[in-house]
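Just so we're clear, the structure is a prediction, and the values are computed from it rather than from any experiment.
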Amino acid sequence: MTAADLRAMLAADHLTHVPGVWDPASAALAVRAGHRAVHLSGPAIAATMLGRPDLGYTPATQIADRATTLIQALEGVPLLADADIGYDSRNDAVWTALSYQRAGISGLVLADGQDAGRSADRIAALVAQVPGIVLVARVRGRGLADTIERCRAYAGAGADAVLPEDISEADDLGRLRAALPAVPLAVNRSETARGRGRLTGAELAGSGVRLVLHPLAAVLAALRAASLTYRTIADEGDAGDVDRMPPAALATVSERPAARATVSDRPAARTTGSDRPAAVTPGIDKIDT
């Protein structure tokens, strides 16, 4: 698997929604729903392996190990994974990228640190030595002006895209786009954002956003469903009418139909003008009914 599909999404003129996955079943379900890329995040691993919110640090070894269990279920759909800051030095960042690539990961999200120059140095080393992996630079600046300068430095060092943290307003994204018109943007879709600040797909696309990450939406939905099921069993002695997948469908989650579409011709679950996913080929997401 190469990074070509991810880079094509960054060069496109529309959004691609990238949902979070955390195990083979969630990965297979995302593929069946028509998604063209998926995201393995540190918070998702913290939630599902430790039962805790994001600790701010998930070892690269855990990310790479988990990725190896997902790749077969993804059937060629590219996997974008968190890499924190790549760790202490430029050589550590290169090592992390190489281990991710060997695990089948197509792209990584590399966070910056306090020292923007050191972060740019890591990016340059990674791009030079591991060109076969997409690099999205996560940027946390001290205000909009600092964020723009950091984004400019990281794009100049070779990052394929930048993900500015704490920028969600249309005006701020517009200023960033005006300053760096040729740099693709990625954003996290916050699970708590509502109303002002929760931009539509058309607004995001118009601001240069090409990837929208949803790291925890499916994890939280799955945990909520499990919570309701456990409560119903405790109260009533069985799961009763709790909505859930039919037992017979479980065997089909990771099936590999002979006529399954490839990544290049699979219908895209991308944003349309109404910020809703485009229609998916009938039958590709029917295992839950």
Side-chain angles (χ1 to χ4, degrees), residues 1-22 24 26-41 44 63-64 66-83 96-110 123 126-127 129-138 155 158-163 182-189 201 204-205 208-215 217-218 254 256-257 259-272 277-281 284-285:
M1 181 65 211
T2 71
D5 289 308
L6 271 179
R7 289 196 167 107
M9 293 172 202
L10 292 172
D13 61 356
H14 56 257
L15 294 179
T16 296
H17 286 284
V18 185
V21 299
W22 62 94
S26 62
L29 290 171
V31 172
R32 285 175 176 267
H35 288 284
R36 289 177 173 252
V38 296
H39 181 211
L40 180 59
S41 71
I63 299 277
R66 181 61 64 93
T68 61
T69 72
L70 306 180
I71 295 304
Q72 184 174 0
L74 290 175
E75 303 179 25
V77 168
L79 176 63
L80 183 67
D82 283 352
T96 297
L98 288 169
S99 67
Y100 277 27
Q101 188 176 50
R102 186 172 65 175
I105 294 169
S106 299
L108 57 80
V109 180
L110 188 72
I123 291 170
L126 195 155
V127 169
Q129 297 186 53
V130 198
I133 198 164
V134 168
L135 193 156
V136 177
R138 188 190 302 272
D160 293 281
V162 295
L163 192 163
V183 179
L185 305 180
V187 297
N188 272 324
R189 177 70 92 181
L204 289 170
V209 175
R210 294 298 174 258
L211 298 182
V212 181
L213 310 186
H214 303 259
S254 295
R256 300 172 63 86
R260 182 68 58 81
T262 63
V263 175
S264 60
D265 61 15
R266 183 178 289 119
R270 63 176 176 81
T271 299
T272 62
V280 176
T281 300
I284 207 168
D285 60 347

For T96 and L110, what are the C-alpha separation, side-chain angles and deciding distance, and is it a side-chain contact (heavy atoms from CB on, under 4.5 Å)?
CA-CA 10 Å; T96 297; L110 188 72; over 6 Å; no
CG of L79 to NE2 of H39, rounded to nearest 0.5 Å, is 8.5 Å
Check for a donor-acceptor pair, side chain of R189 on one end and backbone N or O of P215 on the other, with a separation under 3.5 Å.
no
Using modelled atom types only, decide if a donor and an acceptor are shared between the side chain of R210 and the backbone of A12 within a distance under 3.5 Å.
yes
Between A30 and V21, the two heavy atoms sitting closest are CB-CG1, 3.9 Å
Between V130 and A97 the two heavy atoms that sit nearest each other are CG2-CB, 3.9 Å
Of all heavy-atom pairs linking A27 and L74, the shortest is CB-CD2, 3.6 Å
CD1 of I105 to CD1 of I133, rounded to nearest 0.5 Å, is 6.5 Å
Q) With side chains defined as the heavy atoms from C-beta onward, is the minimum distance between M9 and L211 less than 4.5 Å? A) yes
In terms of heavy-atom contacts, A37 and L6 come closest through CB-CD2, 4.1 Å
Any side-chain heavy atom of R102 sitting closer than 4.5 Å to one from T68?
-> no
* To do: Report yes if the side chains of L213 and L163 come closer than 4.5 Å at any heavy-atom pair, otherwise no.
  => yes
Non-hydrogen side-chain atoms of V134 and L10 separated by less than 4.5 Å: yes
Stepwise side-chain contact (heavy atoms from CB on, under 4.5 Å) test for V136 and L108:
CA-CA 6 Å; V136 177; L108 57 80; over 6 Å; no
In short, V212 meets H214 closest at the heavy-atom pair O-CD2, 3.3 Å
Looking only at heavy atoms, the pair that brings I123 and A137 closest together is CD1-CB, 4.0 Å
Q) Within the distance-only criterion (no hydrogens, no angle test), does the side chain of Y100 pair as donor or acceptor with the backbone N or O of L80 below 3.5 angstrom? A) no
**OP:** Could you tell me whether the side chain of R138 reaches within less than 4.5 Å of the side chain of D82, counting heavy atoms only?
**Re:** yes
Margin query: Looking at D160 and L135, would you say the former's side chain and the latter's main chain have a donor-acceptor pair under 3.5 Å?
Written below: yes
